[in-house]
Peer 1: 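There's a structure below that I have some questions on.
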There are 2 protein chains.
Amino acid sequence: MPTATYHRENLRETLLELAERTVRRSGVESLSLRELAREAKVSHAAPARHFRDRRALLDALALEGFQRLNRAMADAAATSGPFGTRFRAIATDYVSFAVENAALLGLMYAVKHEADASDALVEAGRRSMRVAVELIAEAQSEGDVLPGDPERLALVAFASVHGVAVLATGDLLEGFSVEQATDAAVDVLLSAIAAPDPRA
Amino acid sequence: MPTATYHRENLRETLLELAERTVRRSGVESLSLRELAREAKVSHAAPARHFRDRRALLDALALEGFQRLNRAMADAAATSGPFGTRFRAIATDYVSFAVENAALLGLMYAVKHEADASDALVEAGRRSMRVAVELIAEAQSEGDVLPGDPERLALVAFASVHGVAVLATGDLLEGFSVEQATDAAVDVLLSAIAAPDPRA
DNA sequence: ACCTGAACACCGTTCAAGT
DNA sequence: ACCTGAACACCGTTCAAGT
């Protein structure tokens, strides 16, 4: 008779993985701690040891989401090449993440602005905006982007790309593909903020 | 002893009003049909006569939301004046609606793209996009906007404004006011798509 | 330290029965 | 037609008790 089916190696991670899977498959609202516990083959009270309540689990999920998104954006920003290319790469990555993790993205933004969001979560939420600000400030100093408050331009760029992401996940693209929509937004932004090529 | 505390004038409307109030105050997830029934002083099974299930009530709420939003946008679009002014007015109205009805807007977009959303809901969701397309097509025929697929430009404009709305409700404006963010997005969009003034 | 099992106060949904 | 009250199968959360 094998013993110890009863405490698990790393219940916290197991629960997070299971939770992410069910959020992806059926949305946040159908995520039940008791169901999760059943899937993890653990008593329904066990998750409480690792997450104070349902919200704490959701917060942890959202935090992981922001961390993954930020890593992807930072990687795309870190490539070399002309500003337009790097900007387009970041936008594409952002929208791809949104499409592939639609429910998670919704959770990330929903949970971030709840009154008592953790510092780590708020900080992670701000981080992607800062990637955009730095990219634009840097491009300005290279003469690739018109002068002007980089925070203001980054806000508009971020809003625009995030908007495409939301419309994409909401099935509101009305005939355009995700790539077409992203490219269109990037084209419009670049035509507004890119400095004219001095070699032209 | 007064009789008839027991069937109500218009329970459906009463429930919708109460539901909207609690969604506004405490979010969708804390909306309970039983609680609603208690507030309406009706048995917990009574709401089922008017809404098949919780989702049906949420759908009805979302539909009302789109209708109000679309009315506001159509009104702003119907004013006369130069394209830039009208466009800015619509954007401002959209973002104001989003800020004043943050939870409702979230519900609207969440519910719209659930697999079995009602036709009325999907149609209402598309309508605001069409207002944008028409505005831009009209401005192009007047020579106020550069030529190009009006649906593509409207998509970008819509995404941009919706993005500002989402960032605003998500407390991600980082030091900018809602008005500043909206104006910045409109400025950038106009500088990309507005035709140069022929009188200049 | 980590988990269990029972208990409590909620849910949404359904359905026979009442008016 | 519209509502009630009871019932069913779920929840999240807490807590004494076990190992």
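Chain naming here is simple, since letters A, B, ... match the order of the sequence lines and numbering starts at 1 in each.
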Peer 1: What's the verdict on side-chain contact (heavy atoms from CB on, under 4.5 Å) for B/L16 and B/E64, showing C-alpha distance, side-chain angles and the deciding distance?
Peer 2: CA-CA 9 Å; B/L16 280 175; B/E64 277 199 354; 3.8 Å; yes
Peer 1: What residues form a side chain to side chain contact (heavy atoms under 4.5 Å, CB included) with B/V145, not counting sequence neighbours?
Peer 2: B/F83, B/I136, B/A139, B/Q140, B/L153, B/I193
Peer 1: If you compare all heavy atoms of B/R68 against all heavy atoms of B/N101, which two are closest, and at what distance to 0.1 Å?
Peer 2: NH1-OD1, 3.7 Å
Peer 1: Give the rounded distance in Å between these two atoms: CG of B/L36 and P of D/dC3.
Peer 2: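 Between P of D/dC3 and CG of B/L36: 14 Å.
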Peer 1: Within this structure, what is the CZ-to-P distance between B/R12 and D/dA1, rounded to whole angstrom?
Peer 2: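 To the nearest whole Å, that distance equals 17 Å.
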Peer 1: Using a 3.5 Å limit on both pairing distances, list the dot-bracket string of DNA chain C from the 5' end; Watson-Crick and G-U wobble pairs count, crossing pairs take [ ], interstrand pairs take |.
Peer 2: ||.|||||...|||||.||
Peer 1: Please report the distance, rounded to the nearest Å, between CD in B/E29 and C1' in C/dG12.
Peer 2: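 Distance, rounded to whole Å: 17 Å.
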Peer 1: Compare every heavy atom of B/A157 with every heavy atom of B/L189, then report the nearest pair and how far apart it is.
Peer 2: CD1-CA, 3.9 Å
Peer 1: Nearest whole angstrom, please: distance from the P of D/dC11 to the CG of A/L57.
Peer 2: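 Taking atom P of D/dC11 as the reference, CG of A/L57 is at 15 Å.
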Peer 1: Between A/E35 and A/R49, name the one whose nearest nucleotide on DNA chain D is closer to the 5' end.
Peer 2: A/E35
Peer 1: Can you check whether B/S32 has a side-chain N or O nearer than 4.0 Å to OP1 or OP2 of C/dC10?
Peer 2: no
Peer 1: Using a strict 4.0 Å threshold on nitrogen-to-oxygen distance, state whether B/E20 and B/R24 make a salt bridge.
Peer 2: yes
Peer 1: Can you measure B/N10 atom CG to D/dA1 atom P for me and round it to whole angstrom units?
Peer 2: 17 Å
Peer 1: Inspect the contact between B/E17 and B/R21 and indicate whether a charged nitrogen and a carboxylate oxygen are less than 4.0 angstrom apart.
Peer 2: no
Peer 1: Heavy atoms from C-beta onward define the side chain here; which of D/dC11, D/dC2, C/dT13 lies closest to that of A/R34?
Peer 2: D/dC11
Peer 1: With respect to the side chain of A/H50, which nucleotide from D/dG5, C/dC3, D/dG12 is positioned closest?
Peer 2: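 Of D/dG5, C/dC3, D/dG12, C/dC3 is nearest to the side chain of A/H50.
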Peer 1: Using the side-chain heavy atoms of A/H44, tell me which of these nucleotides is nearest: C/dC3, C/dT13, C/dG5.
Peer 2: C/dG5
Peer 1: Can you tell me how far P of D/dC3 sits from NZ of B/K41, to the nearest Å?
Peer 2: 16 Å
Peer 1: At under 4.0 Å, does any side-chain N or O of B/S43 touch on OP1 or OP2 of D/dG5?
Peer 2: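 No, B/S43 has no side-chain N/O under 4.0 Å of OP1/OP2 on D/dG5.
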Peer 1: What is the distance from CG of A/D53 to P of D/dT13, rounded to the nearest Å?
Peer 2: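 Rounded to the whole Å, the gap is 5 Å.
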Peer 1: From the options C/dT13, C/dC11, D/dT13, select the nucleotide whose nearest atom is closest to the side chain of A/L33.
Peer 2: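 For the A/L33 side chain, the nearest candidate turns out to be D/dT13.
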Peer 1: At under 4.0 Å between heavy atoms, what does B/R38 touch on the DNA or RNA strands: base, sugar-phosphate, or nothing?
Peer 2: sugar-phosphate
Peer 1: Is there, by distance only and without an angle test, a donor paired with an acceptor across the side chain of A/R54 and the base of D/dG12 below 3.5 Å?
Peer 2: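 Under the 3.5 Å cut-off, the side chain and the base do not form any donor-acceptor pair.
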Peer 1: Can you tell which of A/L135, A/V95, A/V186 makes a side chain to side chain contact (heavy atoms under 4.5 Å, CB included) with A/I90?
Peer 2: A/L135
